[in-house]
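Whatever order the structure lists them in is the order used to number ligands and atoms, beginning at 1. Atom set for the values below is all heavy atoms of this structure, side chains included, hydrogens, waters and symmetry mates excluded.
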Amino acid sequence: MSLQDEIAQVRTEALAAFQSAGDANALEAARIKYIGSNGAVKAFMKRLGEVPKDQKPAAGQALNALKDELTNAHEAAKGAKASAAPKSAVAFDYSEPLAPERVHAAGKLHPLTRTVNELRDLLRALGFEVVEGPEVEDERHNFDDLNIPADHPARDSFDTFFLNKDALLRSQTSTVQVRVMESRRPPVRVIAPGRVYRPDIIDATHHSTFHQIEGLYVDKGVTMADLKGTLQLFVNGLFGEGTRIRFRPSFFPFTEPSAELDCSCPACGGDGCNVCKDSGWVELGGCGMVDPAVFEAINKARGDHAYDPDVWSGFAFGFGIERLAMRRHGITDIRRFLENDLRFLRQI
Ligand code: DAH
């Protein structure tokens, strides 16, 4: 076979090899075999010496042209392979930071919902069952049966939105105490979280719409010591072990005796700071022993004597949930809870 014929044969083979290479490795092997530094084209170049002198220039040009043609054919095959490769075959760099537009913010529960859930879990662990009552109420559940008769001055402190002469927006979750006792016989141990409404002037610490959590425990022989023990456990769960509590004498029409519950300031631990106005204590809410007059009102509504005040006693408490959440997270403005400002919500 003449050199010319050999060259023609190698050309055909090489072109076919580049065309049919199944993957990048096969293509590279073909490249090495035909146009690599020890490949077929190079071998022909070395054999140029065999060629008669007058034919050398033509043979040299023919080999150079072959090398260019095969190099181009190899490049073309390589390019075709790369663009045909499936996208998923491109390695994904998991360590590369995501561009801001690719970061998907995950949704999460509203800080108030999370606070309610925490309170509920703490009190459930103490044996309290969660119940709910309606936000649209009547005077009997919001006032009368809680020992706040129509002409009682205490009604002033529960300013109320009336929808019409028979219906109002409840101004306290104590309404649920009445609903529970009306429908169940003692003993009862319930908590009732929910929304309440008052026509307050809105500022950093007051809102017309806020939340309370009510607790009611009625059994034989329940005392103020049970109340204090329960609230101590509750406060420890909320603000941490070592948080101290104290009762300050107070007045609520539906409890006797009544108290305000304070705890040592979660912000400074009791040393005094701007949160507790240097007193070392912060107020959490009201509590007390269920007034026998409430039991009597319930008995009247039920038409029986299920809640005999000589047999049963109970304690109750009611805390503002926003206030607890504010103390817990160092939030200084109650209005933030209702504004749905993502800059605030994402911080909590
Ligand atoms: N309902 C009262 C309020 O809104 C809070 C309260 C005080 C609830 C004493 C109670 C209680 O159950 O015993 O101000």
Side-chain angles (χ1 to χ4, degrees), residues 116 119 123 126 128-135 137 139-149 152-161 168-182 188-200 205-219 222-231 234-235 245-263 282-295 297-298 307 309 312-324 334:
V116 171
L119 300 175
L123 287 158
L126 297 176
F128 286 84
E129 175 198 345
V130 181
V131 293
E132 282 184 8
E135 291 176 20
E137 270 290 7
E139 280 193 73
R140 187 165 72 74
H141 291 89
N142 201 77
F143 293 120
D144 300 311
D145 288 2
L146 287 166
N147 198 30
I148 318 175
H152 198 286
R155 281 211 184 189
D156 290 350
S157 58
F158 296 103
D159 248 356
T160 305
F161 287 115
L168 51 80
L169 292 175
R170 69 178 176 194
S171 58
Q172 48 181 346
T173 46
S174 304
T175 52
V176 188
Q177 291 190 32
V178 177
R179 294 212 166 258
V180 166
M181 289 191 280
E182 272 176 0
V188 295
R189 198 190 300 193
V190 294
I191 47 168
R195 187 171 288 174
V196 299
Y197 304 86
R198 287 185 199 175
D200 269 348
T205 53
H206 297 88
H207 211 291
S208 55
T209 305
F210 57 102
H211 297 74
Q212 291 184 328
I213 187 161
E214 192 82 12
L216 174 71
Y217 180 22
V218 180
D219 207 331
V222 176
T223 69
M224 199 97 179
D226 297 311
L227 172 61
K228 198 162 187 181
T230 302
L231 294 178
F234 174 69
V235 166
I245 61 169
R246 72 176 183 189
F247 280 163
R248 261 181 307 114
S250 185
F251 172 79
F252 296 99
F254 31 89
T255 43
E256 180 58 34
S258 300
E260 291 280 352
L261 177 74
D262 295 345
C263 76
V282 295
E283 204 178 292
L284 295 182
C287 60
M289 302 304 294
V290 179
D291 194 309
V294 173
F295 285 148
I298 298 290
Y307 287 82
W312 303 96
S313 59
F315 67 66
F317 57 86
F319 302 142
I321 293 174
E322 279 82 353
R323 194 185 282 185
L324 293 176
I334 195 172

Against heavy atoms of Ser174, which atoms of ligand 1 measure under 4.0 Å?
-> 1 (N), 8 (C)
Just checking, any donor-acceptor pair under 3.5 angstrom between side chains of Gln212 and Gln172?
-> no
Exam field: side chain Ser313 to backbone Val222, donor-acceptor pair closer than 3.5 Å = yes
Name the closest protein heavy atom to atom 5 (C) of ligand 1, giving the residue it belongs to and the distance to 0.1 Å.
-> Gly318 O, 3.9 Å
For Gln177, the ligand 1 atoms with a heavy-atom partner under 4.0 Å come out as 12 (O)
Under 6.0 Å between the ring centres of Phe234 and Phe319?
-> yes
Ring pair (Phe, Tyr, Trp, His ring centres under 6.0 Å) partner of Phe315, the single match among Phe247, Phe254, Tyr217, Phe252 | Tyr217
Where do Thr255 and Gly288 come nearest, in terms of heavy atoms and distance?
-> CG2-C, 3.6 Å
May I ask whether Arg198 has any heavy atom positioned less than 4.0 angstrom from an atom of ligand 1?
-> yes
Protein heavy-atom partner closest to atom 12 (O) of ligand 1 - residue, atom, separation in Å | Glu214 OE2, 2.6 Å
State the atoms of ligand 1, each with its element, that fall below the 4.0 Å cut-off from a heavy-atom position in Gln212.
-> 3 (C), 4 (O)
For atom 2 (C) of ligand 1, what is the nearest protein heavy atom, given as residue, atom name and distance?
-> Gln172 OE1, 3.7 Å
Got a donor-acceptor contact below 3.5 angstrom from the Arg246 side chain to the Glu260 backbone?
-> no
Please state which part of Phe315 comes within less than 4.0 Å of ligand 1, counting heavy atoms only: side chain, backbone, both or neither.
-> neither
Go through ligand 1 atom by atom and flag the ones less than 4.0 Å from a non-hydrogen atom of Ala316.
-> 12 (O), 13 (O)
What atoms of ligand 1 come within less than 4.0 Å of a heavy atom belonging to Gly288?
-> 13 (O)
For Ser171, does its backbone N or O pair with a side-chain atom of Asn142 as donor and acceptor, under 3.5 Å?
-> yes
Do the side chain of Glu322 and the main chain of His211 share a donor and acceptor less than 3.5 angstrom apart?
-> yes
Taking atom 11 (C) of ligand 1 as the reference point, the nearest protein heavy atom with its distance | Phe254 CE1, 3.6 Å
Strictly under 4.0 Å, does any heavy atom of Phe319 approach an atom of ligand 1?
-> no
Tell me which part of Cys287 gets within contact of ligand 1: side chain, backbone, both or neither, using heavy atoms under 4.0 Å.
-> backbone
Is any NZ, NE, NH1 or NH2 atom of the basic residue among Arg189 and Asp219 found under 4.0 Å from an Asp or Glu carboxylate oxygen of the other?
-> no
